Amino acid sequence: MTQASDTMAPAAQTRTVRLVYFAWVRERVGRAEEQVELPAEVATVLDLVRWLKARDEGYAAAFADETLVRAAINQTHVKPGTSLDGAREIAFFPPMTGG
Amino acid sequence: MTQASDTMAPAAQTRTVRLVYFAWVRERVGRAEEQVELPAEVATVLDLVRWLKARDEGYAAAFADETLVRAAINQTHVKPGTSLDGAREIAFFPPMTGG
Amino acid sequence: MTPTIRIQREDFDLAAEIATLSGGRRDIGAVVSFTGLCRDEGGTLAALELEHYPGMAEAEIARVAEEAAARWPLLGLLAIHRFGRVAPGEQIVLVIATSAHRRAAFEAADFMMDYLKTRAPFWKREHLADGTTGGWVEAKGEDDDAARRWE
Amino acid sequence: MTPTIRIQREDFDLAAEIATLSGGRRDIGAVVSFTGLCRDEGGTLAALELEHYPGMAEAEIARVAEEAAARWPLLGLLAIHRFGRVAPGEQIVLVIATSAHRRAAFEAADFMMDYLKTRAPFWKREHLADGTTGGWVEAKGEDDDAARRWE
C-alpha cells in the first residue's frame, strides 16, 4: 500500500472518496451521498463496510448483514474483498430488483 | 378388417378416400388432389404409399424415399404404420418448412 | 385463456396484436414476441412463396398452442402465419406469449416457434432474384433437434 | 453491431424501436422482443417507483449487451429501462434482439433479461392501493438461478 495506484488518489495515508447509497441502504444511512476521508488501514470494500458500521446506528443498520449489501467501485460491481485502490466513487445498495 | 370402423366408410371391401398432395409431392404426382378407391388389402399409410408408387412414374418419383414423405389422416399427422380405418382425407407432403 | 390462431395472406401488425392481448389487463408482467421475416439471402432471393394445407394448418397450430397453454401459466397466446408470396424484409410469422412472469412467456414463445417449424404444414419455395424459380426449401435437422428439446 | 441502451423516465414504443432496428434491412430473419410490465398484484398495487444508479445503470446494461453481442451472431440489440413512477399496466423494460436465425434472437433476449434482473442497478419500491408506501421489492433467488444458466 505504499504505491500511489491512481493519479486521482493522493500519495498521503488518507484518500478522499465519494460514497453513494441507494434504495433501503440510502434510507438507513440517512443520506444519498457523502465525501469521506479513508484512513490507510481501510484497504478493501469489507474494511470500509466495517469502518462505516462503527460510525453510527444508521450505518450499522444498513450493513447489519455484511453479505447482503452489494458494492460498486467507479460504477462497476465488486466483491467484499476488492481493494479500494483507485476508487473515486464507491456505491452501496441492496440486491438489484430491476427488469 | 371385417368391422365398419367409421360411419363414412362403406361396409364393402373398397373405400373411397380423398388424397391431397403438397409442395414437391404435389408437383411430382402431377395433381393437388384426387378421389381413389382403396382395395381392402391397403390397410396402412405405408400400404397406400406402395400402392400409389405402383400406379405410375410420377407417384414413384414422389415416394421414391418412403421415409421422407410425411402423411396426415383427416388433417392430423400420422406415421407410416398408422391404419387407414376412418380415413376420409389422406395428405402427403415433404417435411414442413414453415415458421 | 383461448389462444388466437390466424392463417392469412395479409401482413400483420405486432403492436396492434399486443394491444389486443394486453388491453386493459393489469396482471401481465411479461410479453414476449417472435417475428419471423423473409431474408434476401445475400441479394439472391426475390421472394418466398408459402404453400400451406388449409384447415390442417390452423388445426395443427391450435394443437401446439394448446400444448403450450397446458405447460406454462400463460395469460395470452397468439400465432399468425402468412401464406402466399412474401418479399425480403416482409413478415412471415408472429408469435406472442403473455404471462405474469418472464420465464413462462419466453419458453412458451420459443416452444411455439420450434413446433411451428416442425409440425405446421407450410412449405417455402424460393423465387430467385435472377427471375428463375428456385427449389423448395429443405427442412433442417437442427429444427427437429430444437423441437426435441421440449420432450 | 452497436447495442442501443437507454435509461429514461418516459415510456417507449416497441413498434417504433423494431422499425428503427430493422429499417431497410433484408438480412434479419428473426426479431424477439421482451416487454416487462408493472402488475397490479391483485389490485393491491398503485404503482412501482424505480430508483436507479445513473451512469452505472447505462454502463452495466451496456456491458451485458456487449456480452450478448460477443456470444450470439446478432444483427441488432436494444435495451430500454425506465425509472421513476410506473403504474400497473405500464411498461418498465424493453429488450429487442434481431438475428438471421431465431435461436440467437431468443437466447440473446432471454440472456439480456436474466442479467438485467441481477446486474443492472435498479430497485423497485411499492406504492400500495390503500395509499401507503410499501416496502422495497426483494430480490428473488430464482433470478440468480436464471442468470447462472448462462455461465
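Predicted model only: the values in this text are computed from it and were never measured. Lettering of chains follows the sequences in order, A, B, ..., and the numbering in each one begins at 1.
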Between C:Met56 and B:Glu89, does a side-chain contact (heavy atoms from CB on, under 4.5 Å) hold up when you go through it step by step? CA-CA 11 Å; C:Met56 181 169 169; B:Glu89 180 173 289; over 6 Å; no
Is the closest side-chain heavy-atom distance between B:Met96 and C:Phe122 below 4.5 Å? no
Sort out for me which of [options] touches chain B most, counting heavy-atom pairs under 4.5 Å.
options	result
C:His81, C:Arg82, C:Glu49	C:His81
C:Leu116, C:Asp143, C:Val137	C:Val137
C:Glu60, C:Met113, C:Met112, C:Glu138	C:Glu60

Check whether more than 12 heavy atoms from other residues, nucleotides or ligands sit under 6.0 Å from atom CD of C:Glu10, and answer yes or no. yes
Spatial distance of atom CZ (C:Arg125) from atom CH2 (B:Trp24) [nearest 0.5 Å]: 12.5 Å
What pair of heavy atoms forms the shortest contact from [X] to [Y], and how long is it?
X	Y	value
C:Arg119	B:His77	O-NE2, 2.7 Å
B:Glu27	C:Trp136	OE1-NE1, 2.9 Å
C:Trp123	B:Thr97	CA-OG1, 3.3 Å

